[in-house]
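Order of appearance sets the numbers: ligands from 1, and atoms from 1 within every ligand. Not measured: the values here are computed from a predicted model. In what follows, every heavy atom counts, from backbone to side chain, and hydrogens, waters and symmetry copies are set aside.
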Amino acid sequence: MSPDTRILRALREAGEGGVSGAALAKDLGVSRAAVWNRIEELRRHGYDIEASPHLGYILRGTPDALHGDDLMARLPRNRVLGRDIRVFTETTSTNDIVEKLARDGVAEGSVVFAETQTKGRGRMGRQWFSPSGSGLWFSVLLRPKLRPSSATQLTVLSAVAVVRAIERETGLKPEIKWPNDIMFGHRKVAGILLELGAELDRIRHATLGIGIDVNLDPASMPPEVREVATSLSHEAQRPMDRAGLATAVLRELDHLYQRLGEGDFHEIGDDWMRRCSTLGRRVAITIGDRRITGRAEALDDEGALLVRTDYGTVERVIGGDVTQEKLP
Ligand code: BTN
């Protein structure tokens, strides 16, 4: 753990009570002057840290910019996700960086955020609009013990984690649209892109990319994006705390990933079904040049969507693009 993570963690734990320079110096094994230097550096990054003669240092405010040290400081109990968190000012796609970490043999749980992506990508080869400082664009490196055919479980789990975190942090209630779009009505607020490094029977690594439109003004979106997208700040009509939401998502993801590892996909799938607007609806799903129409009925044990087609058969669907309508 870096010195800044330790300082920020100690400040958060101490709250209004403050933490003394002497205690921090002892914890870090450095002089009080060295602690003071780190505090000054954090202040330069926008952390509002009061030095009280009686109580010591008190954290009064944090900047909107994301900092890996601070995000890690906020996740003391995470088991896997967030062991290492890096924040880039700009990158092509956070999935590219994580892909590289995976090839370098880095352990699972590393998370990469970018304030902006120049080549953010979505599903089906689409671009992902990722303007600076207003969203959460991040990717997680996982090495799950799953067969490639069960990889959909990871996107199901992630959609549940994102929705739970949004609810907890903002009070808003988004829904999930198959396979993993997070929606308010017919507008999308967040998306998930899972990319796999796999052999026939084994996932070597999974790169889980998540994009959440947090404080974007729809007026600033390109017209084709504005038609289908929204943001949390627009839905709630107030700005949102990006770092708070980021840590809430990572906490939920860590918890659900552990449940998945313990074989508890059922519960996660049940929660997904409760939050999913696609089930019970008439759907048309396009997969390449194939089109399936019917009624979306349930999620199966591997995370695939079960659709009762117009011919009465049941199809297992694990991807594709969905249009959905209310049943007449
Ligand atoms: C989709 O709904 O089409 C998936 C969108 C995924 C976007 C995120 S942003 C962080 C990560 N990096 C990318 O290039 N894409 C994902």
Can you list the atoms of ligand 1 that are under 4.0 Å from a heavy atom of Gly122? 1 (C), 3 (O), 4 (C), 5 (C)
Where on Lys188 is there a heavy atom closer than 4.0 Å to ligand 1, on the side chain, on the backbone, on both, or on neither? side chain
Under 4.5 Å between any side-chain heavy atoms of Asn180 and Ile176, yes or no? no
Could you tell me if the side chain of Arg77 sits less than 4.5 Å from the side chain of Arg251, heavy atoms only? no
For Ser2 versus Asp69, what's the shortest heavy-atom pair and its separation? OG-OD1, 2.7 Å
Can you sort out which atoms of ligand 1 are near Ser139, meaning under 4.0 Å from one of its heavy atoms? 11 (C)
Using a 4.0 Å cut-off to any heavy atom of Ile192, which atoms of ligand 1 qualify? 2 (O), 4 (C)
Gln117-ligand 1 polar pair, N/O distance under 3.5 Å: yes
Check: Thr94 N/O within less than 3.5 Å of ligand 1 N/O: yes
Which residue and atom name correspond to the protein heavy atom nearest atom 15 (N) of ligand 1, and how close is it? Arg121 O, 2.7 Å
Test side-chain contact (heavy atoms from CB on, under 4.5 Å), reference Thr152, set Ile318, Leu305, Leu299, output is Ile318
Go through ligand 1 atom by atom and flag the ones less than 4.0 Å from a non-hydrogen atom of Gly211. 7 (C), 8 (C), 9 (S)
For Val35 versus Leu28, what's the shortest heavy-atom pair and its separation? CG2-CD1, 4.2 Å
Would you say Gly120 touches ligand 1, if touching means a heavy atom closer than 4.0 Å? yes
Run the numbers on Glu235 and Thr230 for side-chain hydrogen bond (donor to acceptor under 3.5 Å, both in side chains), then give the verdict. CA-CA 7 Å; Glu235 294 297 319; Thr230 185; 2.7 Å; yes
Could you check atom 5 (C) of ligand 1 against the protein and tell me its nearest heavy-atom contact, residue, atom and distance included? Trp128 CE3, 3.4 Å
Does Arg204 have more than 12 heavy atoms from other residues, nucleotides or ligands lying within 6.0 Å of its CZ? yes
Go through the side-chain N and O atoms of Asp310 and Thr293 and say whether any donor and acceptor fall under 3.5 Å apart. yes
Within-cut-off N or O pair, Ser93 and ligand 1, under 3.5 Å: yes
Using a 4.0 Å cut-off to any heavy atom of Arg123, which atoms of ligand 1 qualify? 1 (C), 3 (O), 4 (C)
Would you tell me whether Ser150 and Glu302 have side-chain atoms, one donor and one acceptor, within less than 3.5 Å of each other? yes
Answer yes if the ring centres of Tyr47 and His67 are under 6.0 angstrom apart, and no otherwise. yes
Under 3.5 Å between any N/O of Asn180 and any N/O of ligand 1: does that happen in this structure? no
With the threshold set at under 4.0 angstrom, would you say Arg126 reaches ligand 1 through any of its heavy atoms? no
Asn95 heavy atoms within 4.0 Å reach ligand 1 at atoms 11 (C), 12 (N)
Ligand 1 versus Ile210: contacting region, heavy-atom distance under 4.0 Å: backbone
